[in-house]
Amino acid sequence: MPEKTQIAPQTPTRPPWGIRLLGGVLLTFSVGLVSCQAMWIL
Amino acid sequence: MVDPTGTPPEQRRTLGLAELILGVKPGQAGGSGQGVRGARGPRATGTLLYVLPIPLFIGALVGLVAGRLDVVLADGGIFALFMGAAELTRRGLKAEYAQQILRFTRLQRIPLKTIGGLLTGLATGLAAVISVDQGLGLGLAYAAVAMLGFHLLYGFEPLGRPRAFATDDERSRKIAAALAEAERKLIDLERAAKGIANPELKIRLQRIGSQGRSILEQIADRPTDLFRARKFLSVYLDGVQQVADGYARTHRLADSRELEQNFRNVLVTVEQVFDEQHQRLLKTDVMDLDIQIEVLKKQLEREGIQ
């Protein structure tokens, strides 16, 4: 009988662009804000 | 009007929003001329992680001008930590992208992106507590938000050993392991080809590598082919990889025409063998289809359908 199973490679999934945009905003908010505060605090 | 960039208008492109804000760039084809399988949309490069901490560096410079050694050490040290995190993330993203070119193998062992994300969180927390004097609670909150943002934007690597296939049964696992092993040999072969100066031999080796990949693709589509192609995987692939490796190492030391000719003869033979192997597997496909058609015809006849 011909073989039916295929060995399909597993490709890593990437979140949709909306989620990535939210990630960018959160990262900018936390890292950017702390860095700017550190610059002005002197 | 003549365009100063010299690029025809139809080939020019504008920056996308994500490209502008997130520092990502469009996916490129693989270096060997192959398209990248599974590459979807623009590729993240981690530029944001280099840009965001710049005010800390400026803060350290201001501290230097003001003669405040504590500020220089704190801001400078945390900035260096951010840069280390950004570099690890960039390497992790690059490795992840390169991984998409490989079909059966998982090469990356160290979770660079995860370490980069943890360092980003640590540096953010330290900056909030030490440089801004926000207190431990707020420092932890900033670190958590930074790591959440990192995870949503770049993603942490999954825990455990990376696997190329979602296979659960023993037989599929064995086939997947054999394919991964064969692909590793092909990668070594392609690496050896890069070290050979003679363009003709280099092209021959690259052609053998591409033939080998086609055979592996065929085995992946129909795993029963693995048993038919066992000789190819265990004898020829191993042999050509060892010979190519040996030639790449010795031809620089001893420039012998006889050695070159012998190597050429071996490559010609291997090319023929690989081609035959590929044709044999294709023929089996046709034979199987013939049998299926025959069985279907008999079944229809039995049920009285002409």
Side-chain angles (χ1 to χ4, degrees), chain A, chain B residues 18 21-22 37-38 40-41 44 48-49 52-56 58-59 62-63 66 68 71 75 78 82 96 99-100 103-104 120 123-124 127-128 131-133 142-143 145-146 148-155 158 163-167 172 175-176 179 219-225 288 291-292:
Chain A
M1 273 298 279
E3 179 65 47
K4 289 213 166 53
T5 327
Q6 288 192 350
I7 304 284
Q10 200 177 29
T11 43
T13 50
R14 210 168 141 194
W17 74 268
I19 298 287
R20 278 183 279 148
L21 191 66
L22 176 66
V25 170
L26 288 179
L27 201 63
T28 307
F29 170 76
S30 51
V31 179
L33 194 68
V34 165
S35 302
C36 288
Q37 279 178 321
M39 186 175 71
W40 292 116
I41 208 147
L42 200 74
Chain B
I21 297 173
L22 307 180
R37 297 177 192 97
R40 287 139 286 125
L48 198 63
L49 292 173
L52 289 176
I54 287 174
L56 268 172
I58 299 170
V62 172
R68 293 275 305 273
V71 173
D75 285 5
I78 294 166
F82 269 120
E96 188 182 73
Q99 186 64 68
Q100 291 176 352
R103 191 158 141 86
F104 308 110
T120 303
T124 311
S131 300
V132 190
D133 225 358
Y142 271 113
V145 173
L148 177 66
F150 184 97
H151 176 58
L152 296 179
L153 184 55
Y154 304 116
R163 281 169 61 193
F165 300 97
T167 52
S172 299
I175 293 166
L179 288 172
I219 296 171
D221 284 346
R222 265 182 21 142
T224 41
D225 283 346
D288 281 347
I291 294 167
Q292 277 176 305

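Note: hydrogens, waters and symmetry copies are ignored here, and every other heavy atom, side chains too, is used. Chain letters run A, B, ... following the sequence lines, proteins first and then strands; every chain starts at 1.
The two residues S35(A) and P55(B) come nearest to each other via the heavy atoms O-CB, 3.5 Å. In plain terms, the two heavy atoms of L153(B) and R20(A) that are nearest each other are CD1-O, 3.3 Å. Shortest non-hydrogen contact noted between A127(B) and V34(A) is CB-CG1, 3.1 Å.
Within the model, atoms OG of S131(B) and CD of Q37(A) stand 10.5 Å from one another, a figure rounded to the nearest 0.5 Å. Here the straight-line distance linking atom CG of L52(B) with atom CG of L33(A) works out to 11.0 Å at 0.5 Å rounding.
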Checking side-chain contact (heavy atoms from CB on, under 4.5 Å) for the pair L49(B)/L27(A): CA distance, chi angles, key distance, verdict? CA-CA 9 Å; L49(B) 292 173; L27(A) 201 63; 3.6 Å; yes

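No side-chain heavy atom of V31(A) sits less than 4.5 Å from a side-chain heavy atom of Y142(B).
Scanning for side-chain contact (heavy atoms from CB on, under 4.5 Å) contacts around A143(B) gives an empty result, with sequence neighbours left out. Scored by the side-chain contact (heavy atoms from CB on, under 4.5 Å) test, V145(B) finds L26(A), F29(A), S30(A) as partners (sequence neighbours excluded).
Ranked by heavy-atom pairs shorter than 4.5 Å toward chain A, the options L56(B), I54(B), V132(B), T124(B) are led by V132(B).
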